[in-house]
There are 2 protein chains.
Amino acid sequence: MTARASSKTSESSDKVSVICRALRRAIIEQALEPGAKLPEDALGERFGVSRTIARHALGQLAAEGLVELRRNRIAVVATPSWKEARDAFDIRIELERLVVRRLAGKLTKAQIAELNAHVDAEDRARGGTDAVSIRLATEFHILLAHMTNSPILVRYVSEVAYRCCLTLSLYSRPHSTECAINEHRAIISALAKGDEAKVMDLMHHHLDSVANRALVAPTPQRGRDLLDILAPYADEVTSDRVVKLPKVARRG
Amino acid sequence: MTARASSKTSESSDKVSVICRALRRAIIEQALEPGAKLPEDALGERFGVSRTIARHALGQLAAEGLVELRRNRIAVVATPSWKEARDAFDIRIELERLVVRRLAGKLTKAQIAELNAHVDAEDRARGGTDAVSIRLATEFHILLAHMTNSPILVRYVSEVAYRCCLTLSLYSRPHSTECAINEHRAIISALAKGDEAKVMDLMHHHLDSVANRALVAPTPQRGRDLLDILAPYADEVTSDRVVKLPKVARRG
DNA sequence: AGCGCTCCAATTGCATGCAGTTTGAGGTCC
DNA sequence: GGACCTCAAACTGCATGCAATTGGAGCGCT
């Protein structure tokens with residue numbers, strides 16, 4: 001039971017997939033912050049593979065939107081603009097409404113137990129770091145998606161949820177995870193009862209409130225370095241070659 | 001105006017992207033049928049690049065679900081199961097409802113003209129092959145997604161629409177494109193009027209009817225070869241090493 | 001004929017090497 | 001001091017080479 005679902009489309013067990021998983025996790029746990037550089041050499045060396053493999057992994061992550069790739073430039077962890085973040089949440093809401101619609105009243109006892117166990121884990125993690133809480137909360141939703149038994153749905157929900165995870169780390173204030181946990185419990189309960197309308201409503205408002213609580217404003221005045229802070233703005237600029245600020249200490 | 005949107009996450013203009021686009025188009029136009037083999041060498045030679053590049057392109061397409069990759073085996077054009085096809089359509093319905101909700105009443109005159117022009121093109125193509133009709137119909141939806149100005153939405157709608165395109169070629173009877181075209185016109189009209197509820201309803205029923213008209217039944221008794229016919233069933237088998245039929249003429 | 005075995009051509013998995021591009025450090029001139 | 005130029009190190013883009021795996025043709029056995 002190493003992998004829950006080994007869809008044939010991706011994530012078998014070749015080196016590329018291994019590196020993808022490792023990087024993905026590092027990114028969503030903020031071990032790698034948005035904007036962090038990901039040179040192929042360094043990755044290859046770190047994971048004991050050649051640049052070819054590292055490069056391929058970066059390509060996959062770029063397709064998922066977690067990494068930004070620009071020709072002849074070092075890959076960096078994606079820095080979604082506020083607008084993109086909002087978009088991702090909107091899409092996520094629709095997808096997850098579909099998930100719970102499919103699940104309402106159809107969960108086995110074992111599945112309900114699994115969900116409850118996960119929320120318990122979230123509860124226990126409340127004392128830990130924000131990053132872990134966010135990751136667990138995200139994984140709750142992915143767990144739900146898995147239960148639909150639809151690989152496609154799993155893929156899209158995972159992807160968009162990871163994206164949201166990433167943006168939360170960018171724009172969120174240190175939020176209270178408590179209500180999210182309660183909302184998770186409410187969702188499980190409504191799913192078990194089979195109240196489709198209610199569970200869809202719960203999920204909608206749950207995600208909407210997470211988004212609204214988190215995506216406070218398009219003013220990322222956090223302690224990050226200038227380049228990171230400016231990056232979302234540079235996003236809007238159509239020109240490929242943006243502002244070109246005067247000499248400033250760059251990261252690294 | 002070579003590329004409508006050059007999102008930084010993908011599809012710049014490196015060789016990999018070029019090959020991706022070419023293959024994607026070949027697949028959705030059924031020049032490459034589901035199950036068709038895609039050896040790296042052959043692709044590389046055909047496109048004048050090395051295997052490295054072809055391989056990378058295949059990886060991207062696999063991430064999009066258009067190609068199936070199995071370790072140490074030749075890549076093949078994906079052959080989605082009937083269940084996967086249905087799933088893809090369900091997801092697509094949700095995503096596209098989001099698209100039209102965002103677009104209702106917000107289209108410029110120029111955009112409306114562009115949409116109408118596209119449907120006119122669909123109309124003119126009615127005499128042509130099914131593949132072209134299906135592609136144009138698909139592209140109408142992608143065009144809509146582009147108008148939301150949301151790269152993420154564009155990406156997901158495109159991806160899932162291509163997947164649907166692929167499944168249509170697998171499971172659809174030679175369908176009448178006429179009503180689809182009329183429905184497209186109705187959607188444009190409702191979008192222009194800004195009647196959000198109506199346009200969402202139209203889109204929902206449009207896609208649902210396309211799905212129902214097309215995905216006739218999980219009995220793909222078409223003239224394809226045995227391996228293709230069996231593939232969707234093999235999908236359900238959990239074991240990696242499936243049935244192993246007696247000697248039979250394989251494709252190629 | 002039908003079944004299994006062996007072996008080789010075809011193909012993938014991956015590392016490495018080379019050429020071209022970008023970056024940014026240091027020097028020069030104003 | 002600050003803007004500008006130059007250049008080498010760093011890095012990417014891509015092709016090629018080699019080892020490992022697959023599959024299927026041929027062959028022998030029943």
Side-chain angles (χ1 to χ4, degrees), chain A residues 8 10-20 35-62 67-77 225-227 231 234 239-252, chain B residues 8-20 35-62 67-77 225-227 231 234 240-252:
Chain A
K8 73 201 149 196
S10 64
E11 305 300 280
S12 345
S13 68
D14 46 326
K15 302 195 181 183
V16 174
S17 307
V18 171
I19 296 180
C20 272
K37 292 180 183 175
L38 302 169
E40 297 173 358
D41 294 333
L43 293 179
E45 192 177 3
R46 186 69 190 78
F47 289 105
V49 298
S50 75
R51 277 202 314 122
T52 308
I53 305 306
R55 179 186 184 73
H56 202 89
L58 287 173
Q60 298 294 315
L61 292 172
V67 160
E68 285 171 18
L69 242 36
R70 299 236 294 267
R71 190 176 172 85
N72 284 322
R73 288 208 180 73
I74 300 181
V76 296
V77 176
D225 81 32
L226 186 57
L227 239 25
S239 159
D240 196 30
R241 196 128 181 98
V242 285
V243 281
K244 193 71 176 181
L245 3 135
K247 196 186 290 191
V248 142
R250 284 180 113 87
R251 170 191 305 273
Chain B
K8 72 199 150 197
T9 70
S10 64
E11 306 299 280
S12 345
S13 68
D14 46 325
K15 301 195 181 183
V16 174
S17 307
V18 172
I19 296 180
C20 272
K37 292 179 181 175
L38 302 169
E40 297 173 358
D41 297 336
L43 293 179
E45 192 178 0
R46 186 70 189 77
F47 289 105
V49 298
S50 75
R51 279 199 314 119
T52 308
I53 305 306
R55 179 185 184 72
H56 202 90
L58 286 174
Q60 297 294 315
L61 292 173
V67 160
E68 286 172 17
L69 242 36
R70 301 237 292 266
R71 192 177 170 85
N72 284 320
R73 288 205 180 75
I74 300 180
V76 296
V77 176
D225 81 32
L226 187 56
L227 238 26
D240 196 29
R241 194 126 181 101
V242 286
V243 281
K244 191 73 177 180
L245 0 137
K247 196 185 288 186
V248 142
R250 285 179 112 89
R251 170 190 303 272

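Because the structure is a prediction, the values reported are computed rather than measured. Labels below follow one simple rule: chain letters A, B, ... track the order of the sequence lines, proteins then strands, and each chain is numbered from 1.
Atom CG in D41(A) sits roughly 13 Å away from atom C1' in dA15(C) (whole-Å rounding). Atom C1' of nucleotide dT12(C) and atom NE2 of H56(A) are separated by 12 Å, given to the nearest angstrom. With rounding to whole Å, F47(A) atom CZ is found 13 Å from dA15(C) atom P. Whole-Å rounding puts the R70(B) CZ to dG13(C) C1' distance at 17 Å. Straight-line distance from the CZ atom of R71(A) to the C1' atom of dT23(C): 17 Å, rounded to whole Å. Taking atom CD on E45(B) and atom P on dA15(D), their separation rounds to 13 Å, with Å as the unit. Atom CD of E40(B) is separated from atom C1' of dA20(D) by 14 Å (rounded to the nearest Å). One interatomic measurement links the two molecules: CD1 of I19(A) to P of dG13(C), which rounds to 14 Å at whole-angstrom precision.
If A75(A) and T52(A) are placed on DNA chain D by their nearest nucleotide, the residue sitting closer to the 5' end is A75(A).
Residue K15(B) has its side chain nearest to dC14(D) when only dC14(D), dC11(D), dC14(C) are considered. Among the nucleotides dG13(C), dT21(C), dA15(D), the one closest to the side chain of N72(A) is dT21(C).
Closest heavy-atom contact between A54(B) and V49(B): N-CG2, 4.3 Å.
A donor and an acceptor atom sit less than 3.5 Å apart, one in the side chain of R51(A) and one in the base of dG13(D).
The side chain of R73(A) places no N or O atom within less than 4.0 Å of a non-bridging phosphate oxygen (OP1 or OP2) of dC11(D). Side-chain N/O atoms of R55(A) include one lying less than 4.0 angstrom from OP1 or OP2 on dG13(D).
Annotation: the span from S50(A) atom OG to R55(A) atom CZ amounts to 11.0 Å, rounded to 0.5 Å. Note: I74(A) CD1 to L69(A) CG = 11.5 Å, rounded to the nearest 0.5 Å. Note that the CD atom of E45(B) and the CZ atom of R51(B) stand 12.5 Å from one another [nearest 0.5 Å].
Considering only heavy atoms from C-beta on, L58(A) comes within 4.5 Å of L38(A) through its side chain.
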